[in-house]
Amino acid sequence: MKDYLRTEIRHVLDTLGDVPESFEIELEKPAREEHGDLATNTAMRLASVLQSNPRSIAEDIAEGLREQVDPDRIRAVEVAGPGFINFRFSQNYLFRGLADLLEAGEWYGRSDQGAGRTALVEYVSANPTGPLTVGHGRNAVLGDTIANLLDWTGHEVTREYYFNDAGRQMRVLGASVRARYEAMAADEVPTKTIEVDEGDAVEVPESFPEDGYLGDYITDIARSVYDEHGASLLTTETLRPFIEAAEEQILAEIEETLADLDIHMDAFFNEQSLYDEGQVQSVVDALTENGYTYEEDEALWFKATEFGREKDRVLIKQSGEATYRTPDIAYHVTKFERDFDVIVDIFGADHIDAYPDVLAALDVLGYDADRVEVILYQFVTLVRGGEPVKMSTRRANYVTLDDLIEEVGADVARFFFLMRSSDTHLNFDLELAKEASDKNPVFYLQYAHARICSVIDKAEEVGLSFDAEPDLSLLTHEDEVALMKELLRFPTELQKAAEARAPHFVPTYLREVATAFSQFYDRCRIVGEDDELAVARLHLARAAQIVLRNGLTVLGIAAPRQM
RNA sequence: GCGCCCGUAGCUCAGUUGGAUAGAGCAUCGGACUUCUAAUCCGGAGGUCGCAGGUUCGAAUCCUGCCGGGCGUGCCA
């Protein structure tokens with residue numbers, strides 16, 4: 001409809017003369033219903049160009065439009081306010097849209113904006129050092145839903161998890177496991193205490209690293225190593241078997257956690273492969289050849305300050321090891337080399353200072369770093385009874401993502417992560433999340449869907465059916481029309497959300513759909529009306545069911561038949 | 001100090017590219033169920049859009065300064 005009106009308006013503008021080709025016609029849904037179904041501010045924006053007052057320009061345009069516009073689509077063109085031109089849809093336009101919606105069914109909402117374009121969404125990317133946290137949950141759900149949105153707008157999407165199993169973090173992890181293992185395998189192991197947090201101390205084996213991982217899962221992994229190897233590893237020097245066992249088990253658990261949220265990655269990209277195939281070295285070489293590195297204190301530095309960064313950054317440490325950012329650059333190079341049209345990264349706010357260095361390096365290497373879209377999300381605070389839940393990562397006594405899913409369920413978890421814009425700090429209210437009541441917006445949507453299913457069942461019981469061709473033109477009640485208009489916005493809403501990489505548009509929209517349906521349900525009965533009208537309304541109910549179900553599917557949330 | 005994000009109703013938050021009388025949910029007050037799931041619907045009350053300037057036909061939205069909160073500012077990731 002917008003495209004149609006744009007071309008029609010363009011025709012009229014051409015007759016007025018002096019309107020540049022590049023002038024873009026904006027159409028939007030007015031905030032108030034009395035202002036029609038779509039409105040344009042064209043006249044006001046042309047006032048200075050045409051040297052005239054907006055109101056009279058609007059009148060001229062409206063006059064032209066009234067003569068040429070298809071009455072089967074637009075029933076009214078009005079001038080209002082300071083010079084808005086408002087359009088009202090004809091009933092037939094709505095009926096046709098509804099018929100199309102029903103025809104499309106589970107495909108309704110899909111579009112082909114991104115057809116022929118490939119997209120890589122990198123998310124989660126937590127290193128396998130422990131269970132996923134609630135913060136990772138926000139990352140995972142955001143990334144997954146953005147991937148869904150890109151899919152629904154026609155992109156060919158790859159969901160990728162990047163992880164690091166080399167370097168210091170993993171050594172500390174391996175050493176932690178080894179210390180616990182030694183305590184199990186050896187007869188007598190000396191212990192020491194480590195202070196964590198404020199004045200809180202724990203007893204650990206003597207060989208336990210000062211900054212080691214204290215969670216119980218480390219002991220579980222140690223036990224599995226012991227079960228497999230007995231005491232035979234006590235004499236080996238290497239941490240390798242401990243690291244490998246830890247990585248394998250932790251990654252497997254992470255995958256399970258993600259699966260609980262209905263998240264399934266297409267690929268796990270291992271940092272190690274970038275070393276094995278020489279890509280890390282190539283990046284270092286290329287940056288050096290172009291004169292963007294220097295040596296100091298036996299380390300190799302990247303001249304980030306030349307790109308407006310606050311300080312230069314180390315690429316290769318004194319020890320000869322790369323910092324995390326060097327393979328990260330190499331990893332991003334592969335995103336370009338693999339030829340993705342759309343590249344999206346999901347990062348927590350704590351990475352705010354890290355990624356610009358990577359982008360700057362990509363620029364130097366001749367890649368268009370502007371094409372990397374970084375979605376930053378702010379932190380999550382769990383709230384219980386109005387109080388923030390205290391967490392200590394050090395002791396690993398934080399609430400894990402598994403804990404959260406167990407407590408509130410996967411659907412609620414996904415919805416709460418998605419309902420807020422990614423750049424606001426998220427207060428996750430556990431009490432509210434658990435409450436299966438009208439206070440909880442997830443249930444409002446699911447309830448509306450379940451109720452539609454129930455209504456349809458009931459209608460079929462009394463002999464109404466979808467077989468006959470419905471006369472949709474009987475749907476003229478105020479609440480029927482309002483619901484139709486709401487439903488027909490779905491494809492556009494998905495496109496907006498996809499383009500803005502803003503999943504939170506979808507929950508907001510679906511709530512409006514559920515409300516429109518509830519109002520319709522409250523005032524327009526199906527069973528008991530005469531057959532013609534009942535069948536038409538039955539189809540409208542199914543249309544609402546389709547939109548709710550498809551919308552919830554995009555969000556990765558179940559659409560239950562009953563509650 | 002510097003960089004990024006946030007500041008909108010009592011609470012949690014929408015309000016993308018500047019548009020008409022700033023919206024929703026919760027909480028609160030009042031009303032609606034012999035009938036398809038009341039986990040619902042209808043209505044009332046509730047606002048200096050952090051503060052001060054600026055840009056323009058028009059600013060919650062853009063610019064500048066200030067105030068308050070968060071996250072960074074590692075040869076950790």
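Everything quoted here is computed from the prediction, not taken from an experiment. Each chain gets a letter, A, B and so on, in the order the sequences are listed, and its residues count up from 1.
The side-chain ring of Phe84(A) is stacked on the base of A20(B), judged by centre separation under 5.5 angstrom and plane angle under 30 degrees. Here His351(A) does not count as stacked on A77(B), because the ring centres are not under 5.5 angstrom apart with planes under 30°.
Looking at the side chain of Ala354(A), the nearest of the listed nucleotides C41(B), A77(B), U37(B) is A77(B). Minimum atom distance to the side chain of Pro30(A) is reached by A20(B), of the listed A77(B), A20(B), U37(B). Closest to the Tyr324(A) side chain, of the nucleotides A24(B), C13(B), A77(B), is A77(B). Looking at the side chain of Ser421(A), the nearest of the listed nucleotides G19(B), C36(B), A14(B) is A14(B). With distances taken from any side-chain atom of Thr323(A) to the nucleotides C75(B), U21(B), C71(B), the minimum falls on C75(B). Nearest to the side chain of Ala39(A), among A77(B), A20(B), U37(B), sits A20(B). Closest approach to the Ile352(A) side chain among G70(B), C4(B), C75(B) is made by C4(B) (side chain taken as heavy atoms from C-beta onward). Relative to the side chain of Asp350(A), the nucleotides G72(B), C42(B), C75(B) differ in distance, and G72(B) lies closest.
At a cut-off of 3.5 angstrom, counting only N and O atoms as typed in the model, there is a donor on one side and an acceptor on the other between the side-chain of Glu310(A) and the base of G1(B). Within 3.5 Å, no donor on the side chain of Tyr447(A) pairs with an acceptor on the base of A39(B), nor the reverse.
Contact annotation for Asn41(A): base contact, defined as any heavy-atom pair under 4.0 Å involving a base atom. The residue Ser518(A) sits close only to the backbone: its heavy atoms come under 4.0 Å of sugar-phosphate atoms, none of a base.
Residue Tyr444(A) places at least one side-chain N or O closer than 4.0 Å to OP1 or OP2 of C41(B). At the phosphate of C76(B), OP1 or OP2 sits under 4.0 Å from a side-chain N or O atom of Lys317(A). OP1 or OP2 of G15(B) has at least one side-chain nitrogen or oxygen of His504(A) nearer than 4.0 Å. Distances shorter than 4.0 Å separate some side-chain N or O of Arg451(A) from OP1 or OP2 on A38(B). Remark: Tyr521(A) is in phosphate contact with A38(B), judged by side-chain N or O atoms under 4.0 Å from OP1 or OP2. For the OP1/OP2 pair of C36(B) and a distance below 4.0 Å, the side-chain nitrogens and oxygens of Arg537(A) include no atom meeting the criterion.
Straight-line distance from the CZ atom of Arg168(A) to the C1' atom of C75(B): 11 Å, rounded to whole Å.
The gap from the P atom of U21(B) to that of C5(B) amounts to 30 Å, rounded to the nearest Å. A distance of about 27 Å separates the C1' atoms of G70(B) and G53(B), rounded to the whole Å.
Side-chain contact, Arg414(A) with Thr145(A): a donor N or O sits under 3.5 Å from an acceptor N or O.
Of all non-hydrogen atoms in Val408(A) and Ala413(A), the two that sit nearest each other are CG2-N, 4.0 Å.
Using a 30° and 60° split on the angle between ring planes, Phe466(A) and His539(A) fall in the perpendicular class, above 60°.
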